[in-house]
Amino acid sequence: MENILLFIRFEWREVIIPKSYKLKVILGGAENSGKTSFINGDNLNDSPIGVSFKTVECYANVSDNYKFIVWDLKDRERFRFLFHYFTRGACAALICFDLTDRNSFLELDGWISLFRENAGNIPIILIGTKYDLGKFEINNEEIHEYILEKNLLNVFFTSVYDDNNNKLEIFKSIVEAIDPNYPLNNFSLYTHRDFDSEEFKEFIQYFPVCPICKKENHHESLKSIYISNDPELIKLKEQIYNVIEASQSFNGYKRKKLKIGIPCCSCYKTLFKND
């Protein structure tokens, strides 16, 4: 069967090399402080080794990628001797405390000391959990005085009913702290659940390889197109979906099949070298 190839060409007004970082963030807090629910959206992700891992991906400026690997430290006595190993190499830290439990607030000193002794003077953000319950044992004035005293970056308040907007602001503040001179536009946040969706899998399955040389396309570039908030890329994605839909109902000549694809960088240059 002959194949009719339909190439999707991306035109950029200027060439910008996207930034891509893989960063470690440590997450601490007293047992039952709500930290695992904050990072996972549930409380079922326990670990037999004293730490579990969560990936959070952030995109900015069309295709700049910040991939955070969050190390969720389990506050169990038998694991604490490992904490100084787990904290090394982190770029930032999050510490949760339960707004309805004063004891979890009193434990913050220990977490801050642990992180600063082993990870250096990294940005530290407090996260007050269970904000929806309302019966607080720590007031705002006390929290903000504590932030000033300990030279912490900020505090955010969360509940189990939060959407990703609050989490987005938390990770955006981390990026701004570690890269303060770089502008962040169209900042967005995605977790593994977003990239496990059927819609994303359907999008990716059309473009896994270059249709000419059969080399694998860059997965990260395809992801940046899929999730971007940039108006031009949103329009481009809509056009891609239109092409996909048209290809599914293509009634060509006998023994001919329509295929759509995105050429790799090398093939793209060869195809459009005179343009």
When every non-hydrogen atom of Ala177 is compared with those of Leu153, the smallest separation belongs to CB-CD2, 3.8 Å
For Val70 and Phe171: C-alpha separation, side-chain torsions, deciding distance, then whether side chain to side chain contact (heavy atoms under 4.5 Å, CB included) applies. CA-CA 11 Å; Val70 181; Phe171 282 92; 4.0 Å; yes
Checking Phe38 against Lys167 for the side chain to side chain contact (heavy atoms under 4.5 Å, CB included) test, could you report, in this order, the C-alpha distance in whole Å, the side-chain angles of both residues, the deciding distance, and whether it holds? CA-CA 8 Å; Phe38 157 73; Lys167 195 178 295 182; 4.3 Å; yes
Pairwise side-chain contact, Glu176 with Leu184, heavy-atom cut-off 4.5 Å (strictly under): yes
task = Please lay out, stage by stage, how Leu152 and Ile112 fare under the test side chain to side chain contact (heavy atoms under 4.5 Å, CB included).
result = CA-CA 9 Å; Leu152 307 180; Ile112 293 170; 4.0 Å; yes
Exercise for the section: Hey, can you tell me if Phe157 and Tyr131 have their rings parallel, tilted or perpendicular (30° and 60° cut-offs)? Expected result: parallel
Distance col, row Asn61:CG vs Asn185:CG, nearest 0.5 angstrom, shows 5.0 Å
Rounding to 0.5 Å, atoms CD1 (Ile147) and CD (Glu142) come to a distance of 11.5 Å
Lys74 and Ser52: side-chain donor and acceptor closer than 3.5 Å? yes
Scanning both residues in full, the closest heavy-atom pair of Arg116 with Ile124 reads NE-CD1, 3.9 Å
One should read off an interatomic distance between Arg88 CZ and Asn118 CG, to the nearest 0.5 angstrom, of 6.0 Å
Practice prompt. Would you please classify the geometry between the Tyr21 ring and the Tyr66 ring as parallel, tilted or perpendicular, with 30° and 60° separating the classes?
Written response: tilted
Next on the checklist: A side-chain contact here means heavy atoms from C-beta on lying under 4.5 Å apart; do Ile39 and Val56 qualify?
Outcome noted: yes
Between the NE2 atom in His84 and the CZ atom in Phe86, the distance rounded to the nearest 0.5 Å is 10.0 Å
For Lys130 and Phe136, the nearest pair of non-hydrogen atoms, with its separation, is O-CE2, 4.0 Å
4.5 Å side-chain heavy-atom contact, Thr87 and Tyr85: no
* Is the backbone N or O of Leu73 less than 3.5 Å from a side-chain atom of Lys35, with the two atoms forming a donor-acceptor pair by type? -> yes
Between Ser173 (side chain only) and Ile170 (backbone N and O only), is there a donor and an acceptor less than 3.5 Å apart?
yes
Shortest non-hydrogen pair, Arg102 vs Glu137, comes out as N-OE1, 2.8 Å
**Item:** Carboxylate-amine/guanidinium contact Lys54 Asp72, below 4.0 Å
**Value:** no
Run the side chain to side chain contact (heavy atoms under 4.5 Å, CB included) check on Ile174 and Leu23 step by step: do they pass?
CA-CA 10 Å; Ile174 292 176; Leu23 303 166; over 6 Å; no
Closest non-hydrogen contact found for Ile178 with Pro123 is CG2-CG, 4.3 Å
Tightest non-hydrogen contact, residues Asp98 and Ile138, listed as O-CD1, 3.7 Å
| task | Could you tell me whether the side chain of Leu189 reaches within less than 4.5 Å of the side chain of Phe68, counting heavy atoms only? | result | no
Note to self: Just checking Glu141: does its CD atom have more than 12 heavy atoms from other residues, nucleotides or ligands closer to it than 6.0 angstrom?
What the structure shows: no
Query raised in the report: Linking I/L/V/M/F/W/Y whenever any side-chain heavy atoms sit under 4.5 Å apart, do Leu133 and Leu126 land together?
Result: no
Notebook entry, point to check: Heavy-atom count around Lys22 NZ within 6.0 Å, excluding the residue itself: above 12?
Noted result: no
Answer whether the closest heavy-atom distance between the side chains of Asp109 and Lys150 falls below 4.5 Å.
-> yes
Interatomic distance, CZ@Phe105 vs SG@Cys96, rounded to 0.5 Å, equals 13.5 Å
Go through the steps to decide whether Trp71 and Phe83 satisfy the test ring-ring contact (aromatic ring centres under 6.0 Å, His included), and finish with yes or no.
CA-CA 10 Å; Trp71 291 47; Phe83 283 179; over 10 Å; no
| query | Under 4.5 Å between side-chain heavy atoms, hopping through other hydrophobics if needed: is there a path connecting Leu106 to Leu114? | reply | no
_According to a hydrophobic-cluster definition based on side-chain heavy atoms being under 4.5 Å apart (Ile, Leu, Val, Met, Phe, Trp, Tyr only), do Trp111 and Leu148 belong together?_
no
Using residues 25-33 as the side-chain source, report each donor-acceptor pair under 3.5 Å to any protein atom, sequence neighbours left out, with the distance given to one decimal.
| from | atom 1 | to | atom 2 | distance (Å) |
| --- | --- | --- | --- | --- |
| Ser33 | OG | Ala30 | O | 2.7 |

